[in-house]
Structure formats: structure tokens, C-alpha cells
Amino acid sequence: MPAFKELVFSGVQPTGNLHLGNYLGAIKRFVAMQARSECIYCVVDLHAITLWQEPAELTSQIREVTAAFLAAGIDPARSIVFNQSQVPQHAELAWIFNCVARLGWLNRMTQFKEKAGKDRENASVGLYDYPVLMAADILAYRATHVPVGEDQKQHLELTRDIAQKFNNDFAGAIAEQGHGEAFFPLTEPLIGGPAARVMSLRDGTRKMSKSDPSDYSRINLTDDADAIAQKVRKAKTDAEPLPAEAAGLDRRPEADNLVGIFAALNDATREEVLRDYGGAQFSAFKGALVDLAVAKLGPIGAEMKRLVGDPGHIDRVLADGAARAEAIAAPNLAAVKDIVGFVRRR
Ligand code: TRP
């Protein structure tokens, strides 16, 4: 595999309120990556409509996710921030990848099975095709690294399968047209950190989710200090004090989740947190967690609200990002069309 220029790409869906899981599992890590890599961060509105969205709500959610990116510290001058539907190459490359990906590959996708539920016949074709569009998002930029949550691992495997099959199926044209051995990189997921999986505050065995009926299960990025305090204080725990070492969190999902959240918010490891709080009762630990969460999330929520109040500014950021994204994706897509054998407009 030839060397590809290091490039980070990731996406967040503009559906439902952003919560601590989205922040710690994705957005906070996006911010950190800017220091080391060239980064492209996308609000994936084409993915959002695989499930029906109220149009006015979708519009405000696109701006809200953008506001969260900026409020959390993504710098739109350094990184590219845009929404997917403004860059036509995503949908166009997805069509070509539809003809590379195999039905059998998509039939194995566990997230489709979860999201489609029992009434699979009534799911949109787009929901089924979701992972192919995701591969197009990433490979339109020939991105090499994708920070995502653990639940997206299978979709990244599919992205690599599509890249590899394209590279093989068109190996002759790829070489003849001067691209060497491979046109697409085999993109690596970046999964990890103490909060790779943030769990519900009410049930440590289930993921924190925007669709959980109980608002006490999650901390929203726009929650105020009172709401954060109430939710942390009511969070489910067990009867034991905190262990002295991370191994003692095994089979204690709620304790593990709260320690993991503390660690991620504080840029520490579980071990470091337990060095300070091992042996502590949950009442004391929760007090410290409230203070930490309010200190870290309060300013982000406040800045989000300020930014959402200036949609003109957000829309200019998105337009600038889309133009810069398209400047990368358009020549890549033109090369893909040449490789496949289409005739260019001249
Ligand atoms: N499927 C991702 C999620 O739900 C969102 C997404 C769409 C994405 N396209 C992407 C993430 C490309 C990383 C790269 O979290």
C-alpha cells in the first residue's frame, strides 16, 4: 500500500440533542486531533434523513451541531467544518460505491438491524445503504484516519472492504492513470480513550442515547448547572465504595461509567481517577463529578446558545467549509470517474 497523506475525517448526525456521549466519544477528540493532523469534520445531514426528520427541526439541528463543534473548540480556520449536503461528491461517490459493495456485506451490518427494528420491510432504502454513503464520505477525501465510537467499527471495516475492492477491480486503470498501486487508502478507525462508550446514567449496560425516553439517562450539552447536578446525583450506582484500581470496576457497569466520564472530562485515565477517589463513597465522588462536569460543559453550552443565536455566522462557516471540502473532493471524484471509464465533459 503506497503512503497516503495523513488526513482525519469524521461526521456527526444532526438528529436529536447532543449529549455527553457525543461530546466525549467524538467532538472532544476531534478538537484534540487538530493540533496534529489536517482534519475535516462533517455534519452528516444526508445520513440524518435515512430516518424521517421534520424539515424545520433538521435545519436547526444542522446549525446546532455546527455550533457544538465551534463551541467545543474546533477551529474552522484550521479544520474544515461543513454539512454533507452542500458537497455533491458524497452522494455521487456513494452511487459508484453502491456498484462496488455487495449485498452480502450490507446484510451483515448490525446497526441496520437495530435501527430497522422488527418492521424491516418498511425501512428506507437509504437506511440500508447508510454505510455505503459513510464510506463515500471518508473516501471522497481519501482520509486515512477516522475518530469514531465503538459502534462504528463495523462501518469502518466496510469502508476498507469497499476501498480494497475498488483498488482491485480497477487496478489496471489505476496504474495506467498514474495513481500507482491503490487509489484509496485503507482507512483506520481511531477508537478509544476512557469514554469510547459513555453509558446511560440510569443503566450502565446501555449506551447513553438521544432516544432514551428518560432525560435523566443523559447529560445534554445544553443542560445548565442545575440540570447537570440533578442528573449526576440521581445517577444509578451500586452499594460499594469506589475501588482502588481499575480492575475493581469489572462487573460494576455504573461505577465504571461514572469513573470513565470523570476521567475523560479531566483528560486522565481511570487509574488516575481512582488514585484520588479509591475508597470514596459515591456521594463524595458525585459531588466532585458535578463540579468537574459543570466546569467543563457549562462554557460549551453557553457558547453553543450564543452561536445558535447568530445563524448567519454559522451559515457562513458552513459555506466556507463546503467550498474547501469540495476543492479536495471534486478532483478525487473526477479521477474516480476516469478510473471507472466514464467520459468527462470537455
Ligand atoms: N455513522 C456515524 C455515526 O452515526 C456518522 C458518520 C457518517 C460518520 N459519516 C461518517 C462518522 C464518516 C465518521 C466518518 O456516528
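All figures in this text were calculated on a predicted structure; none of them were measured in a lab. Just follow the structure's listing: the first ligand is 1, and inside any ligand the first atom is 1.
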* To do: Indicate yes or no: at least one non-hydrogen side-chain atom of P88 is less than 4.5 angstrom from one of E326.
  => yes
* Return the orientation label for the Y130 and H155 ring planes: parallel under 30°, perpendicular over 60°, tilted otherwise. => tilted
* To do: Please work out which of the three classes, parallel, tilted or perpendicular, describes the rings of F30 and F69, given edges at 30° and 60°.
  => perpendicular
* To do: Heavy-atom contacts with Y130 under 4.0 Å: which atoms of ligand 1 show up? List them by number with element.
  => 1 (N), 2 (C), 3 (C), 4 (O), 5 (C)
* Contact atoms of ligand 1, heavy-atom distance to F9 under 4.0 Å -> 12 (C), 14 (C)
* Check whether any side-chain N or O of T187 sits under 3.5 Å from a backbone N or O of A143 as a donor-acceptor pair, and report yes or no. => yes
* Asked: With under 30° as parallel and over 60° as perpendicular, where do the rings of Y141 and F9 fit, or are they tilted in between?
  -> parallel
* Among N22, V146, V43, T50, which one has a heavy atom closest to atom 14 (C) of ligand 1? -> V146
* Asked: So, for L274 and L242, which heavy atoms are closest and what is the spacing to 0.1 Å?
  -> CD2-CB, 4.3 Å
* Structure fact -> side-chain hydrogen bond (donor to acceptor under 3.5 Å, both in side chains) test vs Y216 passes for just one of K236, K231, Q230, K234, namely Q230
* Hey, which atoms in ligand 1 end up nearer than 4.0 Å to a heavy atom of Q13? -> 4 (O)
* Do me a favour and list the nearest non-hydrogen protein atom to atom 10 (C) of ligand 1 with residue, atom name and distance? => M134 CG, 3.5 Å
* To do: Quick one: look at I138 and ligand 1, take heavy-atom pairs under 4.0 Å, and tell me if it's side chain, backbone, both or neither.
  => side chain
* Asked: Between Q111 and ligand 1, does any nitrogen or oxygen pair lie at a separation below 3.5 Å?
  -> no
* Atoms of ligand 1 less than 4.0 Å from V44 heavy atoms? -> 7 (C), 9 (N)
* **Those atoms of ligand 1 less than 4.0 Å from some heavy atom in H47** => 7 (C), 9 (N)
* Asked: Counting each atom of ligand 1 from 1 as listed, which ones have a heavy atom of S10 under 4.0 Å away?
  -> 11 (C), 13 (C), 14 (C)
* For atom 9 (N) of ligand 1, find the nearest protein heavy atom and state the residue, atom name and distance (0.1 Å precision). => D137 OD2, 2.7 Å
* Asked: For ligand 1, which part of V148 has a heavy atom less than 4.0 Å away: the side chain, the backbone, both, or neither?
  -> side chain
* Asked: Would you say N22's side chain and H19's backbone share a donor-acceptor pair under 3.5 angstrom?
  -> yes
* More than 12 foreign heavy atoms under 6.0 Å from NZ of K305: is that the case here? -> yes
* Structure fact -> Note: ligand 1 atoms sitting under 4.0 Å from heavy atoms of G11 are 5 (C), 6 (C), 8 (C), 11 (C), 13 (C), 14 (C)
